[in-house]
Amino acid sequence: MTHFTLLPTDRPADALELEMLERWRSERLFERTLAAREGAPSYVFFEGPPTANGRPGIHHVFARTLKDLFCRHRAMKGFRVDRKAGWDTHGLPVEIEVEKQLGISGKQQIEELGVAEFNRLSRESVFKYRGDWERLSERIGYWLDYEHPYVTYTNDYVESVWWALKTLHDKDLLYRGHKILPYCPRCGTALSSHEVAQGYEDVADPSVYVALDLVQAGGAEVPESAVKAGRTLRRILVWTTTPWTLVSNVALAVNPELEYVELRRKDMKDDRTIILVETRVKAVLGDDFESRWERVGSLTGAEMVGWRYARPFDWIAYPDGKEHEVIVGEKFVLADDGSGVVHMAPAFGADDYQAGLRHNLAFLQPVGARGEFPDDLPLVGGMFVKQADPLLIEELKRRDVLWKAGTITHPYPHCWRCGTPLLYYARTSWFIRTSSYKDEMLARNARMNWNPPEVGEGRFGEWLKNNIDWAISRDRFWGTPLPVWVCEQEKTHVTAVGSFDELAQRTGRALPGDFDPHKPQIDAYEWECTVANCTGRMRRTPEVIDTWFDSGSMPFAQWHYPFENAEQFAAQYPADFIAEGVDQTRGWFYSLLAIATGLGDALPNNGSDTAAPYRSVVVNDLVLDAAGQKMSKSKGNTVDPWEVIERHGVDAVRLFLCASSAVWVPRKFDERLIREQAVRALLTLKNVYSGIFAQYANFGWTPGADDPAPAERPLLDRWMLARLATVTQRADAALTGYDATAAARLLLDFFDDDVANWYVRLSRSRFYEMETADNRAAFATLHEVLVTYCRLLAPFAPFITDWLHRELTGDSVHLASYAMLTSQPVPEAGALETAMEAIRTLSTLGRAAREQAKIKVRQPLSRLLCVAPGASEALLRDLAPLLAAELNVKQVDFATSGDALVTLEAKPNFRALGKKFGKLTPQAAAAVESYASEHLRTFEHGDALMLTVEGVTHALDAEDFTIIRRAATELVVEEHGGFFAALDPEVTPELRQEGLARELISRVQRMRKEAGLAVSDRIVLTVVGGDEVRRMVDHHGPWIASEVLASGLSFADDPDGRYHAAQDADLDGIPARIAITRND
RNA sequence: GGGCCUGUAGCUCAGUUGGUUAGAGCGCACGCCUGAUAAGCGUGAGGUCAGAGGUUCAACUCCUCUCAGGCCCA
């Protein structure tokens, strides 16, 4: 006989999960699930590779749960879902980790250590945390092939990336440029826009106004001041938040279209004027400036173009042949802040640089790669530029050009890894010309199924519209080396190398067996320039590439395409599905798209009319702490996933993460809520299995041919199966549509509400008496429900569902399909669900009526009169016994319009009436509501009903209003939404007696329990009491005996003999004494 | 300053294409059950749907603005 193991109750939350993990491992279950789908159509998933240089946190659990969830669902739907793990192993994060470990900092110290040694340590460091990631991923049930991961530093991977870069180069999409880039002086490298995006922080910076002397205006020399010796009469006001760039000032910019004003002090102690943009006068000089200043004149920006001024610092000589100390007109100058005059330092600002090119301005760059001024500069020589600000402000004051100095708090980009404020800095860099195929990226993006859509259209789409070329080179050490060789004599002679073979060919000798494409080894490869008549040598450009280019290459590089696995890659591209956090919008989501679009038909299935490289993407938002604060180490509010999992089990954590709110809304991580929602839901599942199903099935039920066919089972069972089919279909649809939250909530609600709280509760007694048809029907139905529910829930809670599914069927749930166990359609399923819904509504109303009448459910009552609109009357009648039992009434009647006690009312349907009557809807509705009962009765009999409102006449039909039946009686009435339950509160002597019998049964059951009797133990029951008790026992004796498993029941005047238990009882106000003895 | 999201009961969240008593869980109050029992169930009280305008016969729902919070960008 099958034995269903009961769930142990007293074990830690995670004990069962740890057991399952061990089982999965020893069975190699993941591999078996893949093997089971051999030859099936593929559902392609790309794993975004985590950087294994920090411990995974709870937000990683979230993202990985989502990835796992949809992959499991599709696998159960019959797809083959390969899931290759991957590791992002290059880049600054790794280098910084090594620097920390060595206690060194910056490029210089790395070079002192030796790049070879540094990169050796980097390679080792990468997997310092790999164990953590693998253990946690396994623990949370994230199924991924960790035995064959792609690793971005391997030779194969690097070679594929080289191929991609060369392909882009051949398409003229890779070029070297000179641009102002955000630059981290500590790390010594430029950052890409998506890296910069991660590091904005509010900081206090100087806000400095300087007043610079104009020396030439409108072609004439500006006269000297009579008051201030050596100064001119006119000055222009300039604003900056980076005083250190004033050292490199070469020009001022005004907006030609803006109005500027010239002002002079009224007191004449100073005869000099100042010029600034009109709209900023009050902000700069104060609201009351008119009491102190007089307007000398106004002028447009255009008028000032070409004027000359004297720069604030004159330490650096201007190069010959370039313009300097001149006012230029630029439209990017705004009047929102400052003075409407912008100082230009072309080396330190993107706008400045462009203006410099347009106006042939001098280019001063007195700042080294470490962000320091040269040693020979006066005053601030050798200082880090930002630290030099206070000294420079002092110097401005000393020179009497400082107008005012304060501080301003504004967001400023910082290095996302080391926190150093970034400098905008002119650098040579390699770029991918992404802006040249921006439109195609947008077109592909529009074809992608974004969840939620607004991230694709808004956040990502808007950003793509403003796409700028991707600066992919990094002046660092541990990364994929840029496979570009440049002629030392002529920089335009450039060769991109696309494979290791090609490298060998170029150099003319085979690569060594231990060939390592990383720095510094790779830098030793060089050859003679092959351009005709050129005698230069080709040397590798020293940079490595942005690690985002590595991860964005994973679709092909994970297969070492195009050197190997072409067929496999073609079958695994593009991805059907990826999922990452919203922070990847400009990270991986972008790099995948930018690379795939740039490569175009160099990749299979990658036409411009596709959604490649990924068809669907699910974006999850942040995990906040319980108070809604962002988690951060500095706040100390991070959550250790291991601790949470140990406390609640990961099934509960996964369920909570999916169900608590839409995954693309930031969710608060509150353990209290995990307990309330997920732990409780799983507990109900376990209770129903152990406490109802397994416990009693073990008395002798196993699934088999003796079970009645679904069509033969009671209506309650058929309803349950109909619901199950509906829920199966809906959960499947939700997951197919990538709505994890809807699916999770649907499933949790279904089990709690429909299964546990309705089907099981109403069926409980059916499980006690074995081997009847009804008993077999109940077990078969509950078995099917449990098995199917395990399958539906398995993608969310893979542990407990697998344990249960194995107990129930002998097989792992993860080898099952996402479908019902048997799935024979239930006739009239929809009507049955509707009718049961009505019964449940009436049950609520009936209970409310009992509360209102203050009659407890144990006291039987004679009659409940109901109205249930919209449900099949035949089904309602068939279901009525359930309602009668639930409410403990002898009879349930459904009112019909013909009943004498019933009056009819019409409830208008505004939606339908609105279409007919438009503006007259309120009047029409009022008219409908006022219809008399008799009038409605004739309508029910088929008479037409015409309604005229203010001369407008329409025929009304059944859609335009709902007829509500009300019983005009003395009964206790509750109603809601057209549903109506009227309870007859009269307790007749017979009912009273039966109520007492129920009281007695209840008492005895409690005593049995307190006496420690098993549910199957037989007893002898003795009851002592007055006449009323005697009559009750006489009348209901057999029933009482069968309910409490009494083989003997006697009434006595006087207690006698020895009992297992005896007690005085108050049976609803009537004293009695009850004694029981076990009958062995 | 720009883009996107969010604001509904004490708390966490639902609320279909606008349709007239705005729902659930938790918590709370009261009660039931005692064959799921270190469980289970019911009933009830809680909301001017952030605020102000507008469109409409009708707005939690659509539009505009404001406020508050969040993410991303300048």
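Residue numbers begin at 1 in each chain, while the letters A, B, ... track the order of the sequences.
Residue contacts shown for Lys668(A) are limited to sugar-phosphate atoms, with no base heavy atom under 4.0 Å away. In this structure, Leu1045(A) reaches the bases: a heavy-atom distance under 4.0 Å links it to at least one base atom across the strands shown. Among the protein residues, Gln1005(A) comes within range of the nucleic acid bases, having at least one heavy atom under 4.0 Å from a base atom. Using a 4.0 Å heavy-atom distance criterion, Ser660(A) is classed as a sugar-phosphate-only contact. Using a 4.0 Å heavy-atom criterion, one finds that Ser690(A) contacts no nucleic acid atom at all. At a threshold of 4.0 angstrom between heavy atoms, the contacts of Phe767(A) with the nucleic acid are absent.
A donor atom on one side chain and an acceptor atom on the other are found under 3.5 Å apart for Arg847(A) and Ser843(A). With no hydrogens or angles considered, no side-chain donor-acceptor pair links Arg1018(A) and Ser1047(A) at under 3.5 Å. For the residue pair Trp239(A) / Ser207(A), a side-chain donor-acceptor distance below 3.5 Å is found, with atom types taken as modelled. Checking Ser435(A) against Asp469(A) by side-chain atom types alone, a donor-acceptor pair falls below 3.5 Å. A donor atom on one side chain and an acceptor atom on the other are found under 3.5 Å apart for Asn467(A) and Thr434(A).
In this structure, Phe62(A) has no ring-ring contact (aromatic ring centres under 6.0 Å, His included) partners at least two apart in sequence or on a different chain. Applying the side chain to side chain donor-acceptor pair (under 3.5 Å) rule to Arg745(A) yields no partners; only residues at least two apart in sequence or on another chain are considered. Under the rule for a ring-ring contact (aromatic ring centres under 6.0 Å, His included), the partners of Phe460(A) that lie at least two apart in sequence or sit in another chain are Trp450(A). Applying the ring-ring contact (aromatic ring centres under 6.0 Å, His included) rule to Phe910(A) yields no partners; only residues at least two apart in sequence or on another chain are considered. For Leu746(A), the side-chain contact (heavy atoms from CB on, under 4.5 Å) test picks out Val727(A), Arg730(A), Ala731(A), with sequence neighbours left out. For Tyr759(A), there are no ring-ring contact (aromatic ring centres under 6.0 Å, His included) partners at least two apart in sequence or on another chain. Residues meeting the side chain to side chain donor-acceptor pair (under 3.5 Å) test with Glu462(A), sequence neighbours left out: Lys465(A).
Nearest nucleotide to the side chain of Phe910(A), out of rG19(B), rG3(B), rC13(B): rG19(B). Listed candidates were rU43(B), rC13(B), rG19(B). Nearest to the side chain of Arg911(A) is rG19(B). The side chain of Ala662(A) lies closest to rA14(B), out of rC72(B), rU43(B), rA14(B).
Looking at RNA chain B, the stems built from 3 or more consecutive Watson-Crick or G-U wobble pairs, each pair with its key distances under 3.5 Å, are B:1-7 with B:67-73, B:10-13 with B:23-26, B:28-32 with B:40-44, B:50-54 with B:62-66.
Under a 3.5 Å cut-off, the side chain of Arg850(A) and the backbone N or O of Leu887(A) do form a donor-acceptor pair. When atom types are taken as modelled, the side chain of Glu807(A) and the backbone of Thr5(A) share a donor-acceptor pair closer than 3.5 angstrom. The closest donor-acceptor contact from the side chain of Tyr789(A) to the backbone of Leu747(A) lies under 3.5 Å.
Within residues 912-921 of chain A, the residues that place at least one heavy atom under 4.0 Å from RNA chain B are, in residue-number order, Gly914(A), Gly918(A), Lys919(A), Thr921(A).
Here rG46(B) is in the syn range [glycosidic angle within 90° of 0].
Side-chain nitrogen and oxygen atoms of Asn757(A) include at least one within less than 4.0 Å of the OP1 or OP2 phosphate oxygen of rG42(B). Proximity of Ser1002(A) to the phosphate of rC33(B): no side-chain N or O atom is located under 4.0 Å from OP1 or OP2.
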Taking N or O atoms only and anything under 3.5 Å, show me the protein contacts with nucleotides 6-9 of chain B, one pair per line.
none

Atom pairs, N/O to N/O, protein against nucleotides 68-71 of chain B, distance under 3.5 Å?
from, atom 1, to, atom 2, distance (Å)
rC71(B), O2', Arg459(A), NH1, 2.9
rC71(B), O2', Arg459(A), NH2, 3.1
rC71(B), O2, Arg459(A), NH2, 2.6

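Atom CD in Gln695(A) sits about 12 Å away from atom C1' in rA39(B), given to the nearest Å. Distance, Arg850(A) CZ to rG42(B) P: 16 Å, rounded to whole Å. The CG-P distance, from Asp753(A) to rC41(B), rounds to 10 Å in whole Å. Between the CG atom of Asp739(A) and the C1' atom of rA14(B) there is a distance of 12 Å, given to the nearest Å. The separation between Glu462(A) atom CD and rA74(B) atom P is 14 Å, rounded to whole Å. Nucleotide rA74(B) holds its P atom 17 Å from the NZ atom of Lys465(A), rounded to whole Å. Spacing between atom CG of Leu464(A) and atom C1' of rC4(B) amounts to 14 Å, rounded to whole angstrom units. Atom CZ in Arg847(A) sits about 9 Å away from atom C1' in rU43(B), given to the nearest Å.
Checked against a 6.0 Å centroid threshold, the rings of Phe779(A) and Tyr696(A) do not count as neighbours. A centroid separation of 6.0 Å or more is found between the aromatic rings of Tyr590(A) and Trp548(A). The aromatic ring centres of Phe767(A) and Trp701(A) sit 6.0 Å or more apart.
rG47(B) and rC30(B) have their C1' atoms separated by 22 Å, with the value rounded to a whole Å. Nucleotides rU37(B) and rG19(B) are separated by 45 Å at their P atoms, to the nearest Å. The separation of rA74(B) from rG10(B), taken at their P atoms, amounts to 41 Å, rounded to a whole angstrom. rG54(B) and rU61(B): their C1' atoms are spaced 15 Å apart (whole Å). Nucleotides rA50(B) and rA68(B) place their P atoms 16 Å apart, quoted to the nearest Å. rG46(B) and rG27(B) have their C1' atoms separated by 11 Å, with the value rounded to a whole Å. On the P atoms, rG23(B) is 15 Å away from rG15(B), given to the nearest whole Å. Annotation: rG3(B) and rG40(B) have their P atoms spaced 50 Å apart (nearest Å).
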Please walk me through it: do Glu950(A) and Gln923(A) pass side chain to side chain contact (heavy atoms under 4.5 Å, CB included)? CA-CA 9 Å; Glu950(A) 291 187 15; Gln923(A) 290 98 306; 3.2 Å; yes

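Comparing Val760(A) and Trp664(A) along RNA chain B, the residue whose closest nucleotide (by nearest heavy atom) sits nearer the 5' end is Trp664(A). Two residues, Leu683(A) and Lys907(A), neighbour RNA chain B, and the one matched to the more 5' nucleotide by heavy-atom proximity is Lys907(A).
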Heavy atoms under 4.0 Å is the rule here; annotate nucleotides 23-32 of chain B 5' to 3' with B where the base is hit, S where only the sugar-phosphate is, and - elsewhere. ---S-----S

